[in-house]
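For reference, the structure discussed in these notes is given below.
Residue numbers begin at 1 in each chain, while the letters A, B, ... track the order of the sequences.
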Amino acid sequence: MSARDTFRAPKGTRDLLPPESGRQRAALDRFAALASRYGYGEIVSPMFEDLAVFQRVGESTEIVGKEMFELVTKGEGETRLALRPELTASVCRAFAQHRPATPWKVFYQGPQFRYERPQAGRYRQFTQVGIEALGPDDPMLDVEVITLGRRFLDSLGLTRVTLLLNTLGDPAGRPAYFAALREYLSDRRTELSIQSQTTLETNPLRVLDSKRAEDADVISGAPLMVDHLSAEAAEHFAAVRAGLDQLGIGYEISPRLVRGLDYYLRTTFEFAAESLDTAQNAVGGGGRYDGLVEQLGGPPTPGVGFALGVDRILLACDAEAAFDGPPEAVDVFVIDLTDGTRALPIIDEIATAGLAADRAYDNRSMKAQFKAADRSGARVAVIVGDDEVAAGTATVKDLATGDQAPVVRADLLSALRKQLT
RNA sequence: GUGGCCGUAGCUCAGUCCGGUUAGAGCACCGCGUUGUGGUCGCGGAUGUCGCGGGUUCGAAUCCCGUCGGUCACCCCA
């Protein structure tokens, strides 16, 4: 690390190199395929938006308040932009802009950006996959969304992820609950931590989410939303639970589960990885955000969705020894004993035909080329030397057994296909 | 923004407490053992301004100060 002038990836970012990058690629592909099967189409929205798009999401949230990467544009007036810290706001902005027919069901994948101090499972640039479903108010849609998230985690082989479920009530029941909560917390505010006392001013609900030990007592006695639901919200929540029960999807009611974004109401949920012993064990979360589209200038439109953190999910896969990702090995390794030019058309032919091939360079010795062939993981080697050239053949060798035989050059591809089946 | 721990070869680390000739190991890499046959094995090889700067000392990877970076935690969240 004689890193005198060596550049490094910026703090909180990292390079994904093979084979780890292939693993992430496979996870993203798997998610896209799954979402498609539930009727979701992909939305590709900009990496940055007008700063105000995110500010509408909630001024009192950490994400908006202090974790945004803001961009300064040159000579374009007053435009203030920010790298997206999450995608729900972008999706709702896109909905308000294009007014697609509902139900509008989209999935997304890509990097998000938050300016925070990095630590285990927390990066300044991190990758999320997610879905958003806009239009229907139907609790069956909540169930579908949650199910899709659960199935994705299942498909990776994760078994130790708990689904935490809660409801934050609806506009009919929230004011009364908020008043009760605020009154309770205010009465006992001196018992709260300094930070929670501040939080109480901006968003009393989030005080319930404090993990500080000194707050535990107060929080445990606080009134709960589930006890103050409107009839409608209670019914919605019951329907969501019944739907999950019907599918056999397990969950844990978590009455103090509060999500980090202010726009959530009614159903909220979180996927917690029990296998991660780091401080960040939430691998995903979501809920309903029925007022958000309207806040962004669109028609009143209910919405529900989730975002999953791919980086953390892969950490959980490590912890559970799940989801290795695809093998890196090529099918064929071409060993050229002439001057290296004979391998060129062979590789081209093999790759064009849909098989994977690799070779050595710089006129390495035969021994070195065989070593490279071993390392490539190829099952078969094709050897071309002066003898083969003179005879119009290529030698096909099974690298596991050592068996080899010459084949007429024109028959090489079919011989390889046969070897590899 | 606050705090703990850590920076020695490409990687993982020993050496640092009790300063002392050319700074080590394993893995990985390259070559040879076989001028048409690899994986194993054997032999050999290359690679470090010991994060950076300053200080103490006859002498600093080692002690002191500063600084940068990494990491973990708080906070918050994916």
State the pairing partner of [N]; accept Watson-Crick or G-U wobble contacts with both distances under 3.5 Å, and report none otherwise.
N	result
B/rG24	B/rC13
B/rU71	B/rG4
B/rG66	B/rC52

Among [options], which nucleotide has an atom closest to any side-chain atom of [X]?
X	options	answer
A/R117	B/rG1, B/rC32, B/rU37	B/rG1
A/R375	B/rC30, B/rC75, B/rC77	B/rC30
A/D374	B/rG69, B/rG38, B/rC32	B/rG38
A/R364	B/rC72, B/rC74, B/rG31	B/rG31
A/K367	B/rG33, B/rA78, B/rG36	B/rG33
A/L337	B/rC76, B/rG36, B/rG69	B/rG36
A/A120	B/rA78, B/rA73, B/rG38	B/rA73

- B/rG70 OP1/OP2 closer than 4.0 Å to side-chain N/O of A/R14: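 For A/R14, the contact criterion (side-chain N or O under 4.0 Å from OP1 or OP2 of B/rG70) is not met.
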- Considering just the side-chain nitrogens and oxygens of A/Q119, establish if one lies under 4.0 Å of OP1 or OP2 belonging to B/rC74. yes
- Contact class for A/T278 (heavy atom, under 4.0 Å): base, sugar-phosphate, or nothing?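 The answer is sugar-phosphate, as A/T278 gets under 4.0 Å only of primed atoms, P, OP1 or OP2.
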- Working to the nearest 0.5 Å, report the span between CG of A/N363 and CG of A/D339. 6.5 Å
- Spell out, as yes or no, whether a donor-acceptor pair under 3.5 Å connects the side chain of A/E191 to the backbone of A/V218. no
- Item | Lys/Arg cation over aromatic A/F237: A/R241, 6.0 Å, 45° cone |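 The answer is yes, since A/R241 meets both limits relative to A/F237.
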- Assign each of A/P118 and A/Y123 to its nearest nucleotide of RNA chain B by heavy atoms, then name whichever residue's nucleotide is nearer the 5' end.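 The residue closer to the strand's 5' end, by nearest nucleotide, is A/P118.
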- Is there a residue in residues 384-419 of chain A whose heavy atoms reach under 4.0 Å of RNA chain B, and which residues are they?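 Result for residues 384-419 of chain A: A/G385, A/D386, A/D387, A/E388, A/K397, A/L399, A/A400, A/G402, A/Q404, sorted by number.
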- B/rC77 P sits how many Å from A/F306 CZ, rounded?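 These atoms are roughly 19 Å apart.
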